[in-house]
Amino acid sequence: MATPPWTPDASSHQAPTAQRRGTSGWLIAGVVTAIVVVLICAVVAAVVLVLRLRDGADPGTGLTPDTGGRPAATSAPAAGGCQWLPTDEASNPNIKNVGTPPRTVPTTGVQQLTMTTAQGVITVQVDTAKAPCAAASITYLASRKFFDNTRCHRLTTEGISVLQCGDPSSTGTGGPAYRFAEENLPTGATPYPVGTLAMAKTQEPASTGSQFFIVYGPTPIDPLYTVLGKVTAGMDVVQAIGKAGAVDEAGKPATDGAPKSPVTITTLTVTPAA
């Protein structure tokens, strides 16, 4: 929006007196115009800077130790219902497209998630009212048998203690053909206590998909992950999986790898909200 500087006519000094007065008037008008333009540009630049700072806020660093950040919790879906954002299927062969959930979802009550594995059955009370979009997503995916016969691909045993599942490709990069914003972010001193089931995400905001993790030990991570619910039965199953440890791709002991005792989800079902 910058304008070139105003310059007087090089021949103005040769002009008659009357023309010099006219040039002076143009000079004053030009200076005033330049000042107005500069002020407008300054205001626009300030607004742009504020918007960039807002949009460029640090979205977090993933499942890493808590640095003390406490973003405000959210619960209700945005106006117009849940926003299901498309993912780039062309750039990720591990995306499994089973469509998208409806935008209008239940916003009250609770649900029960039942995960049957080769190690045992795990049940979770889903906080539908607190995380309606996450609840609607996992309900929809379960109805499409998205999780059936899939493996929990990740177990951590040092720094944080979580069992991570929900990726049909078992690579850690898979998920549905959509993503959505985080909600029901914890605000307490211990954001993710033992027994919590929360939704995994990337470092980017609004990147929640199908992957989730169950906390089975101290897990001091930033409160950046949607809390979906709490394990009500089968925590001993998860504890036993954690105690067995993790292994790397070569099958050697690791603190962050695949569960040494393979965990296959044979079925995952979710009851209607009530």
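Looking at Thr104 and Pro102, their side chains never come closer than 4.5 Å, going by heavy atoms from C-beta outward. Contact annotation: the side chain of Ile221 never approaches that of Pro191 to less than 4.5 Å [non-hydrogen atoms, C-beta and beyond]. Counting only heavy atoms from C-beta outward, the side chains of Thr156 and Thr255 never approach each other to under 4.5 Å. Two residues are said to be in side-chain contact when any heavy atoms from C-beta on lie closer than 4.5 Å; Ile265 and Cys152 meet this criterion. In this structure the side chain of Lys130 never reaches within 4.5 angstrom of the side chain of Thr128, judged on heavy atoms. Side-chain atoms of Cys133 and Trp84, non-hydrogen and from C-beta on, do get closer than 4.5 Å to each other. A 4.5 Å side-chain heavy-atom check between Asp256 and Arg154 finds at least one atom pair inside the cut-off. Looking only at side-chain heavy atoms (C-beta outward), Ser261 and Ile241 stay at 4.5 Å or farther from each other.
Contact detail for Pro101 and Ala136: the closest heavy-atom pair is CB-O, 4.3 Å. Scanning all heavy atoms of the two residues, the minimum distance from Asp248 to Ala254 falls at N-CB, 3.7 Å. Across Ser170 and His153, no two heavy atoms sit closer than the pair O-CB, 3.5 Å.
Val247 and Ile160 are not part of a single hydrophobic cluster, where members link through side-chain heavy atoms under 4.5 Å apart. Linking ILVMFWY residues whenever their side-chain heavy atoms come closer than 4.5 Å, directly or via other members, places Met235 and Ile122 in the same cluster. Cluster annotation: Val270 is not connected to Val110 through the hydrophobic network of ILVMFWY side chains, with a link wherever side-chain heavy atoms come within less than 4.5 Å.
Under the 3.5 Å distance criterion, the side-chain polar atoms of Asp167 are matched with a main-chain donor or acceptor of Gly174. Of the possible donor and acceptor atoms, one in the side chain of Arg179 sits under 3.5 Å from a partner among the backbone N and O of Ala206. Not a single donor-acceptor pair under 3.5 Å links the side chain of Tyr192 to the backbone N or O of Val227. Checked by atom type and distance alone, the side chain of Thr208 never pairs as donor or acceptor with a backbone atom of Met199 at under 3.5 Å. Between the side chain of Thr117 and the backbone N or O of Gln119 there is at least one donor-acceptor pair closer than 3.5 Å. No side-chain donor-acceptor contact under 3.5 Å links Lys230 to the backbone of Asp127. Counting only distance, with no hydrogens or angles, the side chain of Gln111 and the backbone of Val124 share no donor-acceptor pair below 3.5 Å. Checked by atom type and distance alone, the side chain of Asn97 never pairs as donor or acceptor with a backbone atom of Ala177 at under 3.5 Å. Side-chain atoms of Thr139 come within 3.5 Å of backbone atoms of Ala135 as a donor-acceptor pair (strictly under, hydrogens ignored).
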* Please assess Asp148 against Thr267 for the test side-chain hydrogen bond (donor to acceptor under 3.5 Å, both in side chains), listing each intermediate value before the final yes or no. => CA-CA 5 Å; Asp148 292 3; Thr267 61; 5.3 Å; no
* **Trace of the side chain to side chain contact (heavy atoms under 4.5 Å, CB included) decision for Ser210 with Phe146** => CA-CA 9 Å; Ser210 63; Phe146 188 88; 3.4 Å; yes
* Could you check Thr87 against Asn92 for side chain to side chain contact (heavy atoms under 4.5 Å, CB included), going step by step and ending with a plain yes or no? => CA-CA 9 Å; Thr87 55; Asn92 187 352; over 6 Å; no
* Please report the C-alpha distance between Gln83 and Phe180 in whole Å, then the side-chain angles of each, then the deciding distance to 0.1 Å, and finally whether the side chain to side chain contact (heavy atoms under 4.5 Å, CB included) criterion is met. => CA-CA 6 Å; Gln83 306 296 312; Phe180 56 98; over 6 Å; no
* Can you check side chain to side chain contact (heavy atoms under 4.5 Å, CB included) on Val98 and Leu141, steps first, answer last? -> CA-CA 8 Å; Val98 294; Leu141 294 175; 3.7 Å; yes
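To the nearest 0.5 Å, the span separating OG1 on Thr196 from OH on Tyr216 amounts to 14.5 Å. Atom-to-atom distance recorded for Arg151:CZ and Thr171:OG1 is 10.0 Å, nearest 0.5 angstrom. Rounded to the nearest 0.5 Å, atoms OG1 (Thr202) and CD (Gln211) are 10.0 Å apart.
In summary, the side chains of Ser137 and Tyr178 do present a donor paired with an acceptor at a separation below 3.5 Å, with no hydrogens or angles considered. When only modelled atom types and interatomic distance are considered, Gln112 and Gln125 share no side-chain donor-acceptor pair under 3.5 Å. Thr226 and Glu183 share no side-chain donor-acceptor pair at under 3.5 Å. Side chains of Thr232 and Thr123: a donor-acceptor N/O pair is present below 3.5 angstrom, by distance only.
Counting non-hydrogen atoms of other residues, nucleotides and ligands closer than 6.0 Å to NZ of Lys260 gives a total of 12 or fewer.
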